[in-house]
Amino acid sequence: MKKEPKNNQVLYIITVILSAFSLITAWIPYVNLIGVLSSLMAVILIISILIKSKGKGWKKYSVSLLISILAIFITVTLQMSVHYVHQIALQKSSTQLKSKAFKIGQSITIETDQYRVNSVSFLNRIANYSPNPGNKIIAISLTIKNTATKDLGTGDADLQYATNMFHIQSGNSDIPLMTGENLPNEIPAQGKIAVKGSITGTLYAEVPANSHPKLVYGQSQNQSSTNDRIPSFSVSLT
């Protein structure tokens, strides 16, 4: 009986290890994205071996091949399910957030993102800028916090924020935030917040005097209210 070359035995062991690892990790959301790479590597390796050997020994590799393909199927199915559940939860959260206006000092949490308006003040002048007649400048102290405690297997749980997601709603008007006026302690227009980290700064806008403005995150009045995939909330500033 002809003995199988040693390098073939090594390749066989490698395909078994890769396929076994991919099947084990296929059941773990996000981690299975690493496992699917093992599946693809095993499939490519097995196919290349069978091509080189002209199909000899295909029964030996068939189990590893089937396991790798099964792991890919499980990973895709599981990730689609996780995404679907995530979207449903996001829709429910968004609907609940839109149903009421929060107050100054209340924390609003969207998954691992947390927002809180700490205080509000109205100013007649800021830095070198004076508002138009009949208007005042509103200064909003805001804290954005990343409540994530670990990366959940994604490798990066940093909270990415952008202040252009905020605007002021006054009556029937959507008022953008002020930028580029050398505003003191202004929150940077965009950035990242590390796990368990936070940033506190000020948002500014010019609003009509004696108005009752709200700080709105997410959609404006001019955007479709049916798209619940974008979380939206408002905070009463008076």
Side-chain angles (χ1 to χ4, degrees), residues 28-37 75-76 78-98 101-102 104-120 138-169 174-205 213-235 237:
I28 308 172
Y30 302 111
V31 176
N32 56 14
L33 298 177
I34 300 173
V36 79
L37 294 177
T75 297
V76 172
L78 185 61
Q79 285 301 119
M80 289 178 65
S81 300
V82 169
H83 177 73
Y84 176 76
V85 170
H86 175 263
Q87 290 300 318
I88 294 298
L90 206 56
Q91 278 189 348
K92 184 177 180 180
S93 174
S94 181
T95 301
Q96 292 174 341
L97 290 172
K98 289 178 182 178
F102 291 87
I104 297 171
Q106 285 187 301
S107 295
I108 303 109
T109 302
I110 304 172
E111 296 185 317
T112 58
D113 306 359
Q114 189 177 89
Y115 305 88
R116 185 180 69 250
V117 172
N118 305 303
S119 61
V120 174
I138 187 170
I140 306 160
S141 173
L142 177 73
T143 295
I144 305 174
K145 184 178 181 179
N146 184 354
T147 63
T149 56
K150 54 184 179 180
D151 64 16
L152 303 176
T154 62
D156 185 3
D158 289 348
L159 188 165
Q160 298 193 36
Y161 74 89
T163 57
N164 62 9
M165 289 295 293
F166 291 93
H167 67 273
I168 303 297
Q169 192 177 97
D174 290 321
I175 303 170
L177 299 176
M178 294 170 56
T179 58
E181 299 290 344
N182 296 319
L183 302 170
N185 197 36
E186 181 185 13
I187 295 180
Q190 58 186 9
K192 287 184 179 182
I193 302 174
V195 171
K196 298 183 181 180
S198 66
I199 183 173
T200 297
T202 308
L203 302 175
Y204 297 89
K214 294 179 181 179
L215 176 67
V216 178
Y217 175 88
Q219 298 172 335
S220 68
Q221 293 183 126
N222 298 324
Q223 292 175 312
S224 171
S225 60
T226 59
N227 186 0
D228 290 327
R229 289 180 295 175
I230 303 176
S232 180
F233 64 82
S234 63
V235 181
L237 301 176

K.L.:
Begin with the C-alpha distance, continue with both residues' side-chain angles, and end with the deciding distance and a verdict on side-chain contact (heavy atoms from CB on, under 4.5 Å) for T202 and L142.
P.N.:
CA-CA 6 Å; T202 308; L142 177 73; over 6 Å; no
K.L.:
Grab the two heavy atoms, one from L237 and one from I138, that are nearest each other, plus how far apart they are.
P.N.:
CD1-CD1, 3.5 Å
K.L.:
Is it true that a side-chain atom of N146 and a backbone atom of G197 form a donor plus acceptor pair closer than 3.5 Å?
P.N.:
no
K.L.:
Minimum heavy-atom separation for P188 and I199, please, with both atom names.
P.N.:
CD-CD1, 3.9 Å
K.L.:
Should the pair Y115 and F233 be assigned to parallel (<30°), tilted (30 to 60°) or perpendicular (>60°) ring geometry?
P.N.:
tilted
K.L.:
I'd like to check the side-chain hydrogen bond (donor to acceptor under 3.5 Å, both in side chains) partners of N118; sequence neighbours left out, ordered by chain and number.
P.N.:
R116, S141, T143
K.L.:
If I take atom CD from residue Q190 and atom CG from residue N164, how far apart are they, to the nearest 0.5 angstrom?
P.N.:
7.5 Å
K.L.:
For S234 and V216, which heavy atoms make the closest approach, and how far apart are they?
P.N.:
CB-CG2, 4.0 Å
K.L.:
Which atoms form the tightest heavy-atom contact between D158 and V195, and what is the distance?
P.N.:
OD1-N, 4.0 Å
K.L.:
Within the structure provided, determine whether F166 and I140 are in side-chain contact (heavy-atom separation under 4.5 Å).
P.N.:
no
K.L.:
Please test I144 against D113 for side-chain contact (heavy atoms from CB on, under 4.5 Å), starting from the C-alpha separation and ending with a verdict.
P.N.:
CA-CA 7 Å; I144 305 174; D113 306 359; 6.0 Å; no
K.L.:
Between the side chain of Y217 and the main-chain N/O of V235, is any donor-acceptor distance below 3.5 Å?
P.N.:
no
K.L.:
Hey, could you give me the CG/CD1 distance between N185 and I187, rounded to the nearest 0.5 Å?
P.N.:
8.0 Å
K.L.:
Evaluate side-chain contact (heavy atoms from CB on, under 4.5 Å) for E186 paired with T179, printing each intermediate quantity in order.
P.N.:
CA-CA 8 Å; E186 181 185 13; T179 58; 3.9 Å; yes
K.L.:
Closest approach of A148 and T112, non-hydrogen atoms and distance?
P.N.:
N-CB, 3.8 Å
K.L.:
Please give me the minimum heavy-atom distance between T163 and L177, naming the atom from each residue.
P.N.:
O-CD1, 3.5 Å
K.L.:
Nearest 0.5 Å please: distance from the CE atom of M178 over to the CG atom of L203.
P.N.:
11.5 Å
